[in-house]
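Start at 1 and go down the list; that is how both ligands and their atoms are numbered.
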Amino acid sequence: MRTTWTFCSAGQLIFGRYAVRQVGDAARTLRAKKAFVVTDGTLIEAGVWEPVRVSLSEAGLIWQVFAGGQAEPSLKLADECAAVAAKFDPDVVIGVGGGSNMDVAKMTAVLLAHGGKSADYIGDGKVPGPVRPVICVPTTAGTGSEVSAAAAFTDTDNQVKTGMLSCYLRPTFAIVDPLLTVSCPPKVTADSGIDALTHAIEAYTAVDNAEFPLPPGEKSNYQGKNPLGDAHAERAIKLIGQYLRRAVMSGSDLEAREGMALGATTAGLAFSNVGVALVHALEYPVGGAVPVSHGAGNGLLLPFVMRFNLPKRRDEFARIAQWLGEPAAPEKAIEAVEKLKRDIGIPERLRDIGIKREQLQTLAEKTFAIKRITRVNPRPASVEELEGILQEAW
Ligand SMILES: NC(=O)c1ccc[n+]([C@@H]2O[C@H](COP(=O)([O-])OP(=O)(O)OC[C@H]3O[C@@H](n4cnc5c(N)ncnc54)[C@H](O)[C@@H]3O)[C@@H](O)[C@H]2O)c1
Ligand SMILES: [Fe+2]
């Protein structure tokens, strides 16, 4: 049983329109001379990299760009990126992009400091010490990776998404500029936005900190529901409920983009201290089996897991319903999420994304094995119960 909880964030969070202009100064604060930037071709084409480049140049930094970032990156991609970075030997690693590029930047910082291969650091608490400083500049309103202690990768050998969790992965600076998300196409906005909502709902309805089922001698970066996690999750759910539809329907709605940026970062503060639960644990094997974005997979599964958790979290669900603009009844929270899914175009069913019925049992078994996440769920689930949730979602 736990009796204490802690709350961590990025070393410094800079939030607001044109915050990106402070990237160079942030790097200088770290006494950096050489910056290694992880981004991708889409972002360079969309002009999102440009203000970062200007800021680094104005601050007099020498920089090298790795433009090979890919959505849902593999462990192999992170190894390739780190090999390029090692030749440059930077003082700081800057992730410019959605969760995918930010996570590759984090792994690069780990490998620069400790050597080895990406696969060596997968799991909870495997990073042995401080890493090369990381600055994260999110360009989606989604993952919260800019403040989180996590990084996620596709393990192509085992067909599963997998994660690295370590307090050393919290970026030294998170620079959140809502204007960088304006070029996000509707699908990226919808998928990353519902990922953020999933983070907030999973954190708000997680197992209590005092009942966190941690085996003796084991440590975890996730620690269950606590008051500061609740405060951030509540704010995130309200913001995402208010602004996600608007951001998807009208990408240039700056008020909506700003609300979503704050919602995603506060959801990141919540989940990265409390934990994510069964939605994420089920999405990991689903995302490894078929090409679906992490956000779309989570959004698809979210109402089905909420229904499973409902008996344990009725009061919380009633509040969530209200925050999403519905009457304060537990079932209404599920309906609100279903409605949101439909409005922003998240796939309804597992069969819609190419999952075959015969795969469900294997997916349930793989989910059951992801203990660092399943134990955060307020209601423990057997393999059979997990398969039941997948059947409902199929
Ligand atoms: N580290 C964490 O804490 C954490 C948390 C949740 C999810 N994740 C991981 O993050 C990844 C998903 O990240 P994501 O949802 O942010 O999407 P993403 O980073 O995969 O980006 C999706 C696509 O959108 C494009 N894009 C991003 N920003 C854009 C912009 N402003 N304009 C135009 N195009 C843009 C990218 O180039 C990419 O092609 C997954 O791998 C997921 O597992 C990590
Ligand atoms: Fe997520």
* Mark yes or no: K366 above the aromatic ring of Y284, with NZ or CZ under 6.0 Å from the six-membered ring centre and no more than 45 degrees from the axis. =>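 The answer is no, since K366 fails at least one limit relative to Y284.
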
* Quiz item: cation-pi between R379 and F308, 6.0 Å / 45° ->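 Yes, R379 sits over the ring of F308.
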
* To do: Give the residue, atom name and distance (to 0.1 Å) of the protein heavy atom nearest atom 44 (C) of ligand 1.
  =>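 Atom 44 (C) of ligand 1 sits closest to the protein heavy atom D103 OD2, 3.1 Å.
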
Could you say whether the N/O atoms of [X] and ligand 1 ever approach to under 3.5 Å?
X	value
D40	yes
H280	no
L180	yes
G99	yes
S100	yes

* For S55 and G24, indicate whether the former's side chain and the latter's backbone hold a donor-acceptor pair under 3.5 Å. =>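 Checking the backbone N and O of G24 against the side chain of S55, a donor-acceptor pair under 3.5 Å is found.
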
* To do: Answer yes or no for D195: is there an N/O/S atom below the 2.8 Å cut-off from the Fe ion (ligand 2)?
  =>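 For D195, the answer is yes, given that an N, O or S atom comes within less than 2.8 Å of the Fe ion (ligand 2).
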
Pairing of [X] and [Y] as salt bridge, 4.0 angstrom limit:
X	Y	result
E58	R21	no
R314	E331	yes
D230	K225	yes
K238	E234	yes

* To do: Go through the side-chain N and O atoms of S100 and Q70 and say whether any donor and acceptor fall under 3.5 Å apart.
  =>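 Side chains of S100 and Q70: no pair found under 3.5 Å.
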
* **Side-chain donor-acceptor pair present, R313, Y204, cut-off under 3.5 Å** =>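 Note: R313 and Y204 side chains miss the donor-acceptor criterion.
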
* To do: Could you tell me whether atom 13 (O) of ligand 1 has a protein heavy atom closer than 4.0 Å?
  =>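 Given the 4.0 Å cut-off, atom 13 (O) of ligand 1 counts as touching protein heavy atoms.
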
* Where does V182 meet ligand 1, judged by heavy-atom distances below 4.0 Å: at the side chain, the backbone, both, or neither? ->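 Neither; nothing of V182 gets under 4.0 Å from ligand 1.
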
* How many degrees, to 10°, between H280 NE2 and H294 NE2 as seen from the Fe ion (ligand 2)? ->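 Rounded to 10°, it measures 100°.
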
* What atoms in ligand 1 come closer than 4.0 Å to a heavy atom of D195? ->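 Once the distances to D195 are compared, the set is 6 (C), 7 (C).
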
* Under 4.0 Å from a heavy atom of A71: give me the atoms of ligand 1 that qualify, with their elements. =>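 The atoms of ligand 1 under 4.0 Å from a heavy atom of A71 are 20 (O).
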
* Asked: F271 near ligand 1, heavy-atom distance under 4.0 Å?
  ->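 Under 4.0 Å: yes for F271.
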
